2 protein chains.
Amino acid sequence: MSRHTRQAQFARALIELRSLVVDGSIPAGTRLTETAMAERLQLSRTPLRQAMDRLVDEGLLERIETGGCRVARFTMADILDAIEIRGVLEGTAARLAAERGISAERSAQMGDILAGLDTAVDPARFDFESYVRLNDDFHRLLPELSGSEIVAREVARASRLPAASPGAFMQGQELIPDFRTSLTRAQHQHRCIFEAILAREGTRAEALAREHARLARMNLEYITTQRPNLADRVPGLALVTE
Amino acid sequence: MSRHTRQAQFARALIELRSLVVDGSIPAGTRLTETAMAERLQLSRTPLRQAMDRLVDEGLLERIETGGCRVARFTMADILDAIEIRGVLEGTAARLAAERGISAERSAQMGDILAGLDTAVDPARFDFESYVRLNDDFHRLLPELSGSEIVAREVARASRLPAASPGAFMQGQELIPDFRTSLTRAQHQHRCIFEAILAREGTRAEALAREHARLARMNLEYITTQRPNLADRVPGLALVTE
DNA sequence: CGCCAGAATTTTGTATACAGGGCACGGCAG
DNA sequence: CTGCCGTGCCCTGTATACAAAATTCTGGCG
């Protein structure tokens with residue numbers, strides 16, 4: 001395997017190890033030995049160690065005092081808290097965007113995304129794929145509207161917490177019928193958040209963005225109570241023990 | 001240098017390199033070469049690289065596309081945003097603590113800290129050293145009151161952003177006279193936050209904690225406008241350009 | 001005199017070697 | 001039979017070796 005891109009082995013280690021952890025291939029609590037994992041992923045310990053450090057930072061692994069690390073365990077409360085934090089930070093980004101104002105260019109970008117989402121949730125030409133992609137775009141652009149690198153980075157970081165990302169519950173076609181009305185509601189919230197930002201209503205923008213994140217909480221509760229067999233479709237949910 | 005503690009070289013690399021960066025010994029924008037720095041700190045590239053990765057994550061260094069990294073540059077706006085984020089997250093911790101309630105044990109702990117702070121700011125027996133230490137304790141305990149590992153971790157992370165930590169402006173004895181009234185005000189806010197938590201007033205607790213973080217902003221503005229020659233006493237402020 | 005090409009050198013990314021410490025297993029004593 | 005200790009294996013942390021990429025320097029050409 002040659003080095004076509006910068007840090008190819010490290011990138012591969014990070015992606016593959018993260019996959020193994022979030023999809024439950026390696027059960028929560030398992031101790032990871034560097035040598036065995038390096039063997040399994042066909043690379044040396046150096047980039048693997050780097051990847052493990054990173055995953056510890058992301059919260060997917062936890063370090064053992066004596067050395068090495070193990071797959072982290074989460075409670076449902078942890079997931080809810082992670083969603084709460086993402087909501088709080090997205091809310092802050094929305095509030096700052098409203099308070100400081102946004103550029104015409106970004107406003108136009110956001111307008112396009114929202115128009116696309118309107119189409120995607122239109123019952124006549126409902127398009128789940130598009131929705132997922134555009135929803136992602138929305139949540140990637142929103143932090144940038146704050147105009148702050150620092151804020152954007154922290155929102156992105158919070159979105160990496162297990163099962164806290166805006167698209168975490170958008171896997172699996174099986175759930176489309178269940179979520180269809182939820183998506184319409186979500187899109188309405190998208191529009192309201194953007195309007196509040198344009199109207200310079202900081203407090204309202206913040207509250208709306210927080211409430212929007214609660215949709216993820218509702219989806220989580222819906223899945224675990226109504227469709228428990230689909231729970232392992234949500235990345236990170238495999239790590240939940242109680 | 002023997003390995004008495006776990007990861008001794010890495011810990012040393014992290015501490016020493018971070019010091020060099022935050023106190024301005026290595027100017028913002030400087031490219032760091034691993035070999036030179038390893039030589040300078042008298043250790044091998046492996047633990048040094050680990051430390052650099054960590055500092056990139058903390059935001060003190062930034063990676064160069066081509067490889068390696070350089071000391072990050074900050075604007076004053078970045079520092080203010082970092083303080084804002086810390087305030088928002090501390091506010092969330094306070095709100096959750098109020099909403100969920102706290103244990104008698106932690107309540108007692110917090111009571112002790114606040115009593116100590118009352119003594120420290122008492123004009124009769126004013127004690128700056130004690131204040132700094134107890135203020136630190138307050139800000140370490142507050143996130144834990146939320147009862148959430150995840151929230152506590154994210155608050156701690158936000159406090160590591162350059163010049164955003166609660167004690168960032170508590171260096172340097174020279175400023176004691178200037179800050180004396182400010183400390184009294186801060187302690188009053190500490191008390192109010194705790195009372196709001198005990199009274200289960202989540203919104204008020206959140207707002208107060210946010211406002212409390214604004215004190216750091218005021219201190220920053222005071223130092224830069226009134227005492228610019230003391231600016232380099234504040235860790236991280238050396239990285240601010242323009 | 002400036003600019004570009006190519007070689008030398010530096011620097012990173014990855015692999016591997018090595019040493020110290022922890023943990024497990026087995027033997028020995030009570 | 002059970003508990004404690006010793007020994008050996010394995011695992012981590014650190015150092016170092018090596019190759020590919022990048023940067024710098026130099027010499028030649030326009």
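Values below: every heavy atom of this structure, side chains too, minus hydrogens, waters and symmetry copies. Labels below follow one simple rule: chain letters A, B, ... track the order of the sequence lines, proteins then strands, and each chain is numbered from 1. Not measured: the values here are computed from a predicted model.
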| query | Which ones in residues 52-63 of chain A lie close to DNA chain C, meaning a heavy atom under 4.0 Å from one of its atoms? | reply |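 Correct list: empty, so none.
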Using the side-chain heavy atoms of [X], tell me which of these nucleotides is nearest: [options].
X	options	answer
A:Thr46	D:dT14, C:dT14, C:dG13	C:dT14
A:Thr33	D:dT14, D:dT12, C:dG13	D:dT12
A:Gln50	C:dG22, D:dG13, C:dT14	C:dT14
A:Ser44	D:dA15, C:dT14, D:dG13	C:dT14

Could you list the residues that satisfy salt bridge (Lys or Arg N to Asp or Glu O under 4.0 Å) with B:Arg214, not counting sequence neighbours?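 Checked B:Arg214 against salt bridge (Lys or Arg N to Asp or Glu O under 4.0 Å); matches are B:Glu84.
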TODO: For B:Pro47 and for B:Arg31, locate the closest nucleotide of DNA chain D by heavy-atom distance; then report the residue assigned to the nucleotide nearer the 5' terminus.
DONE: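 This one resolves to B:Pro47.
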| said: I'd like to know if the side chain of B:Arg106 pairs up with that of B:Gln109 as donor and acceptor (distance under 3.5 Å, no hydrogens or angles considered). | reply: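 No pair is found: no donor N or O on one side chain lies under 3.5 Å from an acceptor on the other.
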[X] [atom1] to [N] [atom2]: how many Å, rounded?
X	N	atom1	atom2	value
B:Leu48	D:dA15	CG	P	10 Å
A:Arg49	D:dA15	CZ	C1'	12 Å
B:Gln9	D:dG13	CD	P	13 Å
B:Glu65	D:dT23	CD	P	10 Å
B:Glu39	C:dT11	CD	P	12 Å
A:Arg12	C:dT14	CZ	P	10 Å
B:Phe10	C:dG20	CZ	C1'	19 Å
B:Arg45	C:dT14	CZ	P	11 Å

Applying the Watson-Crick and G-U criteria (both distances under 3.5 angstrom) with [ ] for crossing and | for other-strand pairs, one obtains for DNA chain D ||||||||||||||||||||||||||||||
Report task. Hey, could you give me the CG/CG distance between B:Leu220 and B:Leu215, rounded to the nearest 0.5 Å? Result ->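 Interatomic distance, B:Leu220 CG to B:Leu215 CG, rounded to 0.5 Å: 12.5 Å.
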Checklist entry - Within the structure shown, what part of the strands sits under 4.0 Å from B:Ile64 by heavy-atom distance: base, sugar-phosphate, or nothing? => result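 Nothing, no heavy atom under 4.0 Å.
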Sugar-phosphate only, base, or nothing, as touched by B:Leu32 at under 4.0 Å among non-hydrogen atoms =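 Counting heavy atoms under 4.0 Å across all strands, the contact made by B:Leu32 is with sugar-phosphate only.
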Parallel, tilted or perpendicular for B:His212 and B:His139, by the 30°/60° rule?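 Parallel: the ring planes of B:His212 and B:His139 meet at under 30°.
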Taking only side-chain N and O atoms of A:Gln7, does any of them lie within less than 4.0 angstrom of OP1 or OP2 on C:dG13?
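True: A:Gln7 side-chain N/O within range (under 4.0 Å) of C:dG13 OP1/OP2.
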